[in-house]
Amino acid sequence: MAQKPSIPKGTRDFNPEEVSKRNYIFNTIRSQFEVFGFQPIETPSFENSSTLMGKYGEEGDRLIFKILNSGDYLSKVDDDLYQAKDSNRMTSRISEKALRYDLTVPFARYVVQHQNEIDFPFKRYQIQPVWRADRPQKGRFREFYQCDADVVGSKSLWQEVEFIQLYDAVFTALGLKGTTIKINNRKILSGIAEVIGAQDKLIDFTVALDKLDKIGEEKVKEEMLNKGIPQSGIDKLQPLFNLTGNFASQVDELKSILNTSEEGTKGIEELEFITKGIETLGLKTAILQLDVTLARGLNYYTGAIFEVAAPEGVKMGSIGGGGRYDDLTGIFGLKDVSGVGISFGLDRIALVLEDLNLFPETITNTVKVLFINFGESESMASMKAIKELRENGVSAELFPDKKKTIKQFNYANKRCIPFVVLLGESEIASKTYTLKNMNSGEQQQLTLEDLISTLQ
RNA sequence: GUGGUUGUAGCUCAGCUGGUUAGAGCGUCGGUUUGUGGUACCGAAAGUCGCCGGUUCGAACCCGGUCUUCCACCCCA
């Protein structure tokens with residue numbers, strides 16, 4: 001009995017048209033990465049669990065796909081552990097490998113492992129799939145591609161400036177106008193937490209603050225109170241909730257809130273450096289926006305935090321994110337190597353471009369010319385011409401079977417093949433080729449030479 | 001991981017409060033005679049109604065479980 005074929009939840013097949021579209025995005029991103037001086041690396045699709053576990057917080061650990069050990073793994077588990085039914089402890093005994101969850105941690109591992117071969121600062125890009133055991137939603141998959149560019153070994157804030165330009169360059173090249181690059185700084189968040197007496201509750205504080213535009217001011221305050229942040233501290237946040245105006249005035253407001261915090265003030269200095277650079281250099285289509293509520297956060301961001309929102313009106317989560325992490329390689333034993341990077345969510349970008357109808361029409365590649373099959377000897381003559389065409393860079397093919405001409409023409413139509421060649425007895429006798437333009441319907445008799453030059 | 005939602009031919013969907021052989025459009029395939037298409041006309045194939053179980057004389061329709069879809073949390077690209 002044949003079973004109904006299916007693929008796992010949150011994964012997808014891609015047909016030729018979809019692959020073409022995705023390749024178009026890949027190529028656009030890749031060429032911008034290279035123009036900006038990044039070099040490609042690749043890492044394995046799975047890593048040792050110890051490399052990944054604990055790097056993304058508790059939530060992250062849950063979302064990591066674990067790979068079962070080979071062999072009779074259960075026999076090696078002792079009875080006590082087996083009886084205890086403690087999934088966390090059990091997992092580490094029966095699974096020692098896990099699928100890549102993002103590209104940043106494997107990159108950190110790579111840098112530490114290859115530190116002696118790398119010339120710092122090292123600018124690398126990486127375009128590979130990652131896997132998360134999340135529950136799928138629109139624009140959220142369990143297998144998806146990230147396109148990352150990172151620099152390690154430079155504390156210069158010019159990197160941040162460059163990454164904003166890189167975002168702008170990619171989205172401009174894709175024709176996606178009006179993206180919003182949100183920027184924030186971990187030091188500013190820490191500073192605020194310090195000022196309100198919640199420095200030990202930074203994560204709780206930022207997670208709550210991050211929800212501001214989603215659940216509103218009151219609910220955010222409520223959540224903060226529930227997490228043990230004192231009312232007096234929350235009161236000090238009031239100016240934050242009323243933050244409006246242009247970039248400069250928002251920064252001024254922040255300055256006054258943070259003037260007692262050394263770290264917060266440092267964060268503001270960084271922010272001002274970056275924005276001054278961008279103001280001077282300009283952006284083509286993107287908008288840079290300060291967002292103090294932006295706290296998406298991999299726990300390792302220490303400086304700038306970025307997130308990119310699709311143009312207004314498109315219902316989609318962030319299509320890119322990134323930031324500065326001063327001590328990522330520290331986890332793997334290499335101290336004082338600062339990193340900063342950004343990521344593009346290919347699958348979401350594809351959905352947005354589809355939504356806005358921004359894919360160029362010419363990206364689906366099809367064969368340029370189809371030879372009609374009239375029989376054995378005609379096919380042989382066709383194959384000779386096809387060989388010539390291919391050697392001259394023209395994609396060409398012979399319809400493989402001698403079917404009714406109508407069928408063969410229909411096939412050319414369905415595949416959107418722009419030209420058809422008829423090579424039958426009379427053409428062979430006169431050493432000519434009948435070329436038909438499938439759009440205009442025009443036909444002309446050509447020599448092989450002319451055929452090649454016409455199609456090139 | 002929590003709560004909700006969806007699932008009928010390849011695709012998009014009908015199918016009244018459970019009642020005989022489950023329908024349509026599009027697509028596919030064949031035909032309208034022999035080397036010319038995207039139009040038209042004729043015809044055909046195609047569904048264990050997501051899967052498993054239950055209630056019932058009888059279920060696509062009711063109930064339970066499971067998988068899948070989408071949504072809201074959580075979190076994130």
Side-chain angles (χ1 to χ4, degrees), chain A residues 1-12 15 25 29 56-64 87-88 100-104 127-148 167 203 206-208 210-211 214-215 219 223 294-299 306-310 315-322 341-352 370-375 378 399 402-428 434-443:
Chain A
M1 174 103 26
Q3 63 165 0
K4 260 195 180 169
S6 64
I7 56 175
K9 141 166 76 171
T11 64
R12 295 148 300 157
N15 64 33
I25 303 174
I29 293 175
Y56 310 101
E58 213 174 302
E59 187 69 14
D61 282 359
R62 208 195 74 214
L63 298 176
I64 292 172
S87 299
N88 286 336
R100 183 168 58 215
Y101 177 88
D102 73 354
L103 301 179
T104 308
I127 298 177
Q128 290 190 278
V130 302
W131 294 269
R132 295 183 187 177
D134 212 346
R135 196 174 281 203
Q137 281 181 40
K138 195 172 198 72
R140 173 181 292 195
F141 308 99
R142 302 217 288 186
E143 177 182 59
F144 61 97
Y145 269 81
Q146 287 194 329
C147 313
D148 275 29
Y167 266 139
I203 298 291
T206 53
V207 165
D210 190 37
K211 294 179 187 166
K214 210 169 195 174
I215 62 177
K219 295 263 184 186
E223 182 167 332
L294 174 59
R296 284 309 163 77
L298 301 179
N299 317 16
F306 302 116
E307 182 169 308
V308 183
K315 219 182 151 208
M316 181 61 62
S318 61
I319 55 176
I342 59 172
S343 180
F344 292 82
L346 173 109
D347 302 81
R348 288 186 177 178
I349 292 171
L351 287 173
V352 171
L370 177 77
F371 280 63
I372 299 294
N373 189 322
F374 288 120
E378 291 91 339
F399 193 90
K402 190 196 170 197
K403 275 201 182 177
K404 284 191 168 182
T405 322
I406 285 188
K407 303 288 176 203
Q408 302 193 38
F409 269 82
N410 267 328
Y411 177 78
N413 275 329
K414 277 183 221 146
R415 279 189 59 195
C416 297
I417 298 172
F419 294 97
V420 163
V421 166
L422 297 115
L423 181 58
E425 268 180 73
S426 59
E427 283 91 350
I428 291 173
T434 301
L435 177 67
K436 175 157 184 157
N437 181 319
M438 292 297 279
N439 292 319
S440 65
E442 284 168 39
Q443 263 177 230

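From a predicted model like this one, the values you see are computed outputs, not experimental measurements. So you know, we letter chains A, B, ... as the sequences are listed, proteins then strands, and number each from 1.
Taking atom P on both B:rA60 and B:rG50, the two are 10 Å apart, rounded to the nearest angstrom. A distance of about 14 Å separates the P atoms of B:rG3 and B:rG64, rounded to the whole Å. Across B:rU12 and B:rG30, the matching P atoms stand 24 Å from one another, rounded to whole Å. Here the separation of B:rU17 from B:rC62, taken at their P atoms, is 10 Å to the nearest Å. Of the C1' atoms belonging to B:rA72 and B:rC11, the separation is 29 Å, rounded to the nearest Å. Comparing the C1' positions of B:rU6 and B:rU21 gives a spacing of 29 Å, expressed to the nearest Å. Separating the P atom of B:rA45 from that of B:rU68 is a span of 35 Å, rounded to the nearest Å. A gap of 15 Å separates the C1' atoms of B:rG65 and B:rU55, to the nearest Å.
Where A:N413 and A:F144 each meet RNA chain B at their nearest nucleotide, the meeting point lying more 5' is that of A:N413. Comparing A:E223 and A:E425 by the nucleotide of RNA chain B whose heavy atom lies nearest to each, the residue mapping closer to the 5' end is A:E425.
When side chains are defined from C-beta on, A:I372 counts as touching A:F409, because their heavy atoms get closer than 4.5 Å. Residues A:I428 and A:L423 form a side-chain contact, since some pair of their non-hydrogen atoms from C-beta on lies under 4.5 Å apart.
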Checklist line | 5'-to-3' dot-bracket of RNA chain B (Watson-Crick, G-U; under 3.5 angstrom; crossing pairs as [ ]; | other strand) | finding: ((((..(..((((.....[...)))).(((((.......))))).....(((((..]....))))))..))))....

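Looking only at distances, no side-chain donor or acceptor of A:R348 sits under 3.5 Å from a matching main-chain atom of A:I319.
With sequence neighbours excluded, no residue satisfies side chain to side chain donor-acceptor pair (under 3.5 Å) with A:Q443. The ring pair (Phe, Tyr, Trp, His ring centres under 6.0 Å) test applied to A:F419 returns no partner, not counting sequence neighbours. With sequence neighbours excluded, the residues forming a side chain to side chain donor-acceptor pair (under 3.5 Å) with A:S343 are A:D148, listed by chain and number. With sequence neighbours left out, the side chain to side chain donor-acceptor pair (under 3.5 Å) criterion links A:K211 to A:E223. Residues that satisfy the side-chain contact (heavy atoms from CB on, under 4.5 Å) test with A:N373, not counting sequence neighbours, are A:S379, A:L398, A:F399, A:K402, A:Q408. In this structure A:N15 satisfies the side-chain contact (heavy atoms from CB on, under 4.5 Å) test together with A:E17, A:E18, sequence neighbours excluded.
In this structure, A:G60 reaches neither bases nor backbone, as no heavy-atom distance under 4.0 Å exists between it and the strands shown. Among the heavy atoms of the strands lying under 4.0 Å from A:Q146 are primed sugar atoms or P, OP1, OP2 only; no base atom is included. Using a 4.0 Å heavy-atom criterion, one finds that A:E427 contacts the bases of the nucleic acid, with or without backbone contacts as well. If you check every strand for non-hydrogen atoms under 4.0 Å, A:S343 touches nothing. Within 4.0 Å of A:I319, counting heavy atoms only, lie sugar-phosphate atoms of the nucleic acid but no base atom. The residue A:V207 sits close only to the backbone: its heavy atoms come under 4.0 Å of sugar-phosphate atoms, none of a base. Contacts of A:G317 with the nucleic acid, taken as non-hydrogen atoms under 4.0 Å apart, are absent.
A centroid separation of 6.0 Å or more is found between the aromatic rings of A:F344 and A:Y145.
Applying the side chain to side chain donor-acceptor pair (under 3.5 Å) test to every pair with at least one member in residues 409-421 of chain A, sequence neighbours left out, gives these pairs: A:E397-A:R415, A:Y411-A:R415.
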Grab the N/O contacts between the protein and nucleotides 65-69 of chain B below 3.5 Å, and write none if there aren't any.
{"from": "B:rU68", "atom 1": "OP2", "to": "A:K9", "atom 2": "NZ", "distance (Å)": "3.3"}
{"from": "B:rU69", "atom 1": "OP1", "to": "A:G10", "atom 2": "N", "distance (Å)": "3.3"}

Within the sub-3.5 Å range, which N or O atoms of nucleotides 1-3 of chain B have a protein N or O partner, and how far apart are they?
{"from": "B:rG1", "atom 1": "N7", "to": "A:R62", "atom 2": "NH2", "distance (Å)": "3.3"}
{"from": "B:rU2", "atom 1": "O4", "to": "A:R135", "atom 2": "NE", "distance (Å)": "3.3"}
{"from": "B:rU2", "atom 1": "O4", "to": "A:R135", "atom 2": "NH1", "distance (Å)": "3.0"}
{"from": "B:rG3", "atom 1": "O6", "to": "A:R135", "atom 2": "NH1", "distance (Å)": "3.2"}

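You'll find that the side chain of A:K414 is closest to B:rC29, out of B:rU36, B:rA77, B:rC29. Of all nucleotides listed (B:rC74, B:rG35, B:rG37), B:rC74 comes nearest to the side chain of A:K211.
Look at CG on A:D102: it is 17 Å from P on B:rC75, rounded to the nearest Å. Counting to the nearest Å, the P atom of B:rC76 and the CG atom of A:D347 are 18 Å from each other. Rounding to whole angstrom units, CG of residue A:L346 and C1' of B:rC76 are separated by 16 Å. Rounded to a whole Å, the OH atom of A:Y56 is 13 Å from the C1' atom of B:rA77. For the pair A:I417 CD1 and B:rU36 C1', the interatomic distance rounds to 15 Å; values are reported in whole Å.
Taking only side-chain nitrogens and oxygens, A:Q137 comes nearer than 4.0 Å to OP1 or OP2 of B:rA72.
Atom CD in A:E307 sits 13.0 Å away from atom CD1 in A:I342 (nearest 0.5 Å).
Contact detail for A:D102 and A:T104: the closest heavy-atom pair is OD1-N, 3.3 Å. Of all heavy-atom pairs spanning A:T434 and A:E427, the tightest one is OG1-OE2, 2.6 Å.
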Next item on the list: Verify side-chain contact (heavy atoms from CB on, under 4.5 Å) between A:L422 and A:F374, making sure each step is shown before the conclusion.
Entry: CA-CA 8 Å; A:L422 297 115; A:F374 288 120; 3.6 Å; yes

Under 3.5 Å, sequence neighbours excluded: what are the donor-acceptor pairs made by side chains of residues 127-137 of chain A?
{"from": "A:Q128", "atom 1": "OE1", "to": "A:T43", "atom 2": "N", "distance (Å)": "2.9"}
{"from": "A:Q128", "atom 1": "OE1", "to": "A:R100", "atom 2": "NH1", "distance (Å)": "3.4"}
{"from": "A:Q128", "atom 1": "OE1", "to": "A:Q126", "atom 2": "NE2", "distance (Å)": "2.8"}
{"from": "A:Q128", "atom 1": "NE2", "to": "A:T43", "atom 2": "O", "distance (Å)": "3.2"}
{"from": "A:W131", "atom 1": "NE1", "to": "A:E143", "atom 2": "OE2", "distance (Å)": "2.9"}
{"from": "A:R132", "atom 1": "NE", "to": "A:Y101", "atom 2": "O", "distance (Å)": "3.1"}
{"from": "A:R132", "atom 1": "NH2", "to": "A:Y101", "atom 2": "O", "distance (Å)": "3.2"}
{"from": "A:D134", "atom 1": "OD2", "to": "A:R140", "atom 2": "NH1", "distance (Å)": "3.3"}

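For residues 403-412 of chain A, proximity to RNA chain B is found at A:K404, A:T405, A:K407, A:F409, A:N410, defined as any non-hydrogen atom under 4.0 angstrom from a strand atom.
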